[in-house]
Amino acid sequence: MSSMIAGVSALASILLAPFALAAQVELDTGVIEGAAADDAGGVHVFRGIPYAAPPVGDARWTPPMPPAAWEGVRSANEFGEICPQGPGLAQMTGEALPTLSEDCLFLNVWTTAAGTDANQPVMVWIHGGGLSLGWSHQAIYDGVNLAKRGVVLVSINYRLGALGFLAHPLLSAESGTSGNYGLLDQVAALKWVQRNIAGFGGDPGNVTIFGESAGGTSVQALLASPHSKGLFHRAIVQSAWLTDSNYAALTEGSPAGPSAEERGVNWVTAQFPEADSLEALRAVDMDTMNTAQQAGFGVHVTIDADFMPDHVLTVFATGKQMDVPVMAGTNTDEGTMFVGMLPFNTVADYEAGTKAGLGEHAAAVLALYPATDAASLFQAKNQFITDTWFVWGTRNMLAGMANVPSAAWQYHFSRRSIANPMMGAAHAAEIGYAFNNLTGPAAGNGTDQALADAMIRYWVQFAATGDPNVDGLPAWPAYDAESDQHLELGDKIQAGSGHRKAAVDKLNAIWAARAGIASP
């Protein structure tokens with residue numbers, strides 16, 4: 001009899017488990033229900049929460065609007081569809097490309113404190129992908145391990161490619177400006193956090209935004225935008241993609257390229273020559289639009305005197321950014337992923353192409369990045385991309401932090417991949433460590449796991465306090481231009497100074513002379 005009772009009890013537990021593990025949170029739009037994460041540990045995950053209305057039909061290329069309310073309990077157990085994009089990132093990561101839809105403005109929340117007043121620090125993750133690829137629930141962004149450390153983790157989708165960043169005179173005539181729709185989506189998500197995160201046990205007064213690559217670009221832009229003031233309180237900038245051409249003024253060209261509107265007109269004319277009105281452009285079906293944006297839409301942040309008052313580095317150089325603590329850094333080998341994008345297959349082509357592109361400044365650049373054979377050409381291209389796409393912007397941003405009272409902290413991630421040594425400490429390699437979501441050989445390696453355990457603690461400590469220093473780990477010196485210190489995160493964790501300083505100082509001089517201005 002006792003064994004029968006035990007069996008019935010066990011069966012009841014199994015049958016009732018899904019109900020016991022569900023968790024409900026009341027939002028400003030209605031009640032949602034999530035469930036325990038697969039590995040439990042007290043973490044609940046709420047997937048596919050709409051933070052804005054679908055940007056479809058007449059709402060294509062307009063600022064995000066509030067989401068509609070619903071009655072009853074909405075399930076939050078499935079991730080939302082993702083914003084239109086090509087298959088490139090999915091092919092690179094080996095993940096299946098999720099279903100695409102213009103109705104893609106969803107976010108996800110991981111927490112151990114749903115329905116409590118725990119007031120945990122909140123971290124909002126902005127994915128990378130060149131502002132053209134990516135989604136909020138890539139496997140490496142799983143928030144379980146951050147939530148287990150007392151963080152409420154939010155990850156968001158935002159509009160990408162032409163659907164997220166097209167500037168055009170017709171759009172500007174309609175609303176006064178155009179472009180930056182994907183960044184405005186991020187602002188809408190942060191406003192949603194302010195309204196709703198307390199229901200998940202999060203503190204709306206302690207929000208950290210963080211992102212990598214184009215996510216880092218986004219964090220920089222949000223730091224510089226008046227639209228985001230008061231919506232977050234700390235920022236982590238991981239390998240921000242910033243060049244002299246991925247910002248463009250709305251109506252004025254520069255030595256780096258045409259105006260944002262001219263770029264938009266050129267693209268629309270090439271892709272949709274018969275579309276002579278916004279009505280016609282908005283009537284283009286999603287698949288056709290997605291094919292067109294993959295055919296060569298060059299994404300950029302638009303300097304529009306509204307969302308983005310000036311180039312982000314000018315904002316930092318004049319001390320007009322948000323006055324919040326900032327943690328920022330880059331990886332040793334950011335460029336290995338992108339060397340194929342530089343069309344130089346021989347040393348002779350490399351030297352000729354550099355001279356053609358940079359004229360009188362070519363000799364200085366070739367001296368910084370010398371190449372004599374195939375091996376040194378690969379390294380020259382790697383270092384050139386690492387410096388000019390990532391380190392240059394990060395160092396100049398950090399220098400601008402001297403203009404506000406809040407502290408800054410610099411890191412340099414140098415841990416080389418054991419799965420693919422040729423890639424070195426590659427672009428995006430630090431993400432798995434910061435989330436403590438290691439995969440492949442690194443997951444079973446003691447050095448890698450120790451680094452991941454340390455990095456997640458630094459990231460969480462910064463989110464909680466604005467200072468990454470935590471008991472039991474090597475001291476992380478604050479950044480200032482004079483001492484120029486950083487923390488190296490690699491085989492060892494140790495302080496250093498002057499990371500790529502001489503190269504960036506030379507690049508600053510070249511860029512200023514080339515553009516005829518003191519800042520990009």
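Residues take their numbers from the sequence shown, with the count starting at 1. The figures here come from the full heavy-atom set of this structure, side chains too, leaving out hydrogens, waters and symmetry mates.
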Requested in this report: Using the side chain to side chain donor-acceptor pair (under 3.5 Å) rule, take Ser497 and Asp484 through it: C-alpha gap first, then chi angles, then the decisive distance, then the call.
Outcome: CA-CA 5 Å; Ser497 64; Asp484 196 13; over 6 Å; no
**Report entry** Audit row: Asp373, Ser376, side chain to side chain donor-acceptor pair (under 3.5 Å) steps and yes/no
**Finding:** CA-CA 5 Å; Asp373 55 22; Ser376 59; 2.8 Å; yes
Query raised in the report: Do Val301 and Asn246 pass the side-chain contact (heavy atoms from CB on, under 4.5 Å) test, and can you show the C-alpha distance, the side-chain angles, and the key distance before you say yes or no?
Result: CA-CA 6 Å; Val301 178; Asn246 69 350; over 6 Å; no
Requested in this report: Check step by step if ring-ring contact (aromatic ring centres under 6.0 Å, His included) holds for Phe297 and Phe165.
Outcome: CA-CA 9 Å; Phe297 181 80; Phe165 294 91; 8.0 Å; no
**Report entry** Step-by-step side-chain contact (heavy atoms from CB on, under 4.5 Å) determination, Tyr141 to Asn437
**Finding:** CA-CA 8 Å; Tyr141 306 153; Asn437 288 337; over 6 Å; no
Requested in this report: Please report the C-alpha distance between Trp389 and Phe338 in whole Å, then the side-chain angles of each, then the deciding distance to 0.1 Å, and finally whether the ring-ring contact (aromatic ring centres under 6.0 Å, His included) criterion is met.
Outcome: CA-CA 10 Å; Trp389 294 14; Phe338 307 105; 5.4 Å; yes
Report task. Quick one: do Asn508 and Asn396 satisfy side-chain contact (heavy atoms from CB on, under 4.5 Å)? Show the steps, please. Result -> CA-CA 9 Å; Asn508 279 338; Asn396 283 311; 3.0 Å; yes
Query raised in the report: Can you check side-chain contact (heavy atoms from CB on, under 4.5 Å) on Ile126 and Leu222, steps first, answer last?
Result: CA-CA 11 Å; Ile126 304 173; Leu222 291 168; 3.7 Å; yes
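Between Ile82 atom CD1 and Leu97 atom CG the span is 4.5 Å, to the nearest 0.5 Å. Distance check, rounded to the nearest 0.5 Å: NE2 of His412 to OG1 of Thr394 gives 11.5 Å. Expressed to the nearest 0.5 Å, how far CD1 of Ile236 lies from CZ of Phe210 amounts to 6.5 Å. Trp192 contributes atom CH2, which lies 14.0 Å from atom CG of Leu231 (distance to the nearest 0.5 angstrom). Expressed to the nearest 0.5 Å, how far CD of Gln186 lies from CG of Leu190 amounts to 7.5 Å. Note that the OG atom of Ser225 and the CG atom of Asp304 stand 8.0 Å from one another [nearest 0.5 Å].
Applying the side-chain contact (heavy atoms from CB on, under 4.5 Å) test between Val460 and each of Asn436, Val470, Thr208, Leu146 identifies Leu146 as the sole match. Of the residues listed (Arg234, His233, Met123), the one engaging Val207 in a side-chain contact (heavy atoms from CB on, under 4.5 Å) is His233, and it is the only one. When Glu430, Met327, His427 are each tested for a side-chain contact (heavy atoms from CB on, under 4.5 Å) with Gln238, only one passes: Glu430.
Of the possible donor and acceptor atoms, one in the side chain of Glu95 sits under 3.5 Å from a partner among the backbone N and O of Ala139. A distance-only check finds no donor-acceptor pair linking the side chain of Arg47 to the backbone of Leu107 [under 3.5 Å]. Between the Lys381 side chain and the Phe344 main chain, a donor and an acceptor come within less than 3.5 Å of each other. Of the possible donor and acceptor atoms, none in the side chain of Ser213 sits under 3.5 Å from a partner among the backbone N and O of Gly215. Panel note: side chain Glu212, backbone Gly128; no donor-acceptor pair is recorded below 3.5 Å. No donor-acceptor pair closer than 3.5 Å links the side chain of Asn157 to the backbone N or O of Leu105. The backbone N or O of Gly400 lies less than 3.5 Å from a partner atom in the side chain of Asn403, making a donor-acceptor pair. A donor-acceptor contact shorter than 3.5 Å is absent between the side chain of Gln410 and the backbone of Ala328.
Aromatic rings from Phe435 and Trp125 are positioned such that their centres are separated by under 6.0 Å. Residues Trp241 and Phe390 keep their aromatic ring centres 6.0 Å or farther apart. Ring-centre distance between His44 and Phe200: not below the 6.0 Å cut-off. Aromatic pair Tyr350/Tyr369: ring centres not closer than 6.0 Å. Residues Trp135 and Phe106 place their aromatic rings such that the two centres sit no closer than 6.0 Å.
Proximity of Val151 to Gln120: side-chain heavy atoms (C-beta onward) are nowhere separated by under 4.5 Å. Using a 4.5 Å heavy-atom threshold, the side chains of Leu183 and Ser218 count as touching. Put simply, the side chain of His127 does not reach to within 4.5 Å of the side chain of Leu133, judged on heavy atoms. Within the 4.5 Å cutoff, no side-chain heavy atoms of Ile49 are placed close to those of Asn108. Using a 4.5 Å heavy-atom cutoff, the side chains of Cys83 and Leu163 are not in contact. At least one side-chain heavy atom of Ser155 sits less than 4.5 Å from a side-chain heavy atom of Trp110. Residues Arg416 and Asp333 meet the side-chain proximity criterion, which asks for heavy atoms closer than 4.5 Å. Put simply, the side chain of Asn469 reaches to within 4.5 Å of the side chain of Trp409, judged on heavy atoms.
Annotation for Phe307 and Pro226: closest pair O-CD, 3.5 Å, computed over non-hydrogen atoms. When all heavy atoms are compared, the tightest approach of Gln220 to Met397 is NE2-SD, 3.4 Å. Listed here is the closest heavy atom pair of Thr386 and Thr332: CG2-O, 3.6 Å. Taking every heavy atom of both residues into account, Ala364 and Lys506 meet most closely at CB-CD, 4.5 Å. Nearest heavy-atom pair, Val144 versus Val43, reported as atom, atom and distance to 0.1 Å: O-CG2, 3.9 Å. Between Asn331 and Ala425, the shortest heavy-atom contact is CB-O, 3.4 Å.
Side-chain atoms of Asn445 and Gln449 include no donor-acceptor pair closer than 3.5 Å. Side-chain atoms of Thr336 and Asn382 include no donor-acceptor pair closer than 3.5 Å. Side chains of Ser239 and Glu334: a donor-acceptor N/O pair is present below 3.5 angstrom, by distance only. There is a side-chain donor-acceptor pair under 3.5 Å between Thr346 and Asp349. Side-chain atoms of Glu81 and Thr99 include no donor-acceptor pair closer than 3.5 Å.
Between Phe79 and His137, the angle of the ring planes stays under 30°, which puts this pair in the parallel group of the 30/60° scheme. The aromatic rings of Trp392 and Trp511 sit tilted, their planes meeting at an angle between 30° and 60°. Using bins of under 30°, 30° to 60° and over 60° for the plane-to-plane angle, the ring pair Trp476/Tyr411 lands in the perpendicular bin.
Under the 4.0 Å criterion applied to side-chain N and carboxylate O atoms, Asp310 and Lys320 are not assigned as salt-bridge partners. The pair Lys501-Asp505 meets the salt-bridge criterion, with a side-chain N (NZ, NE, NH1 or NH2) lying under 4.0 Å from an Asp/Glu carboxylate O.
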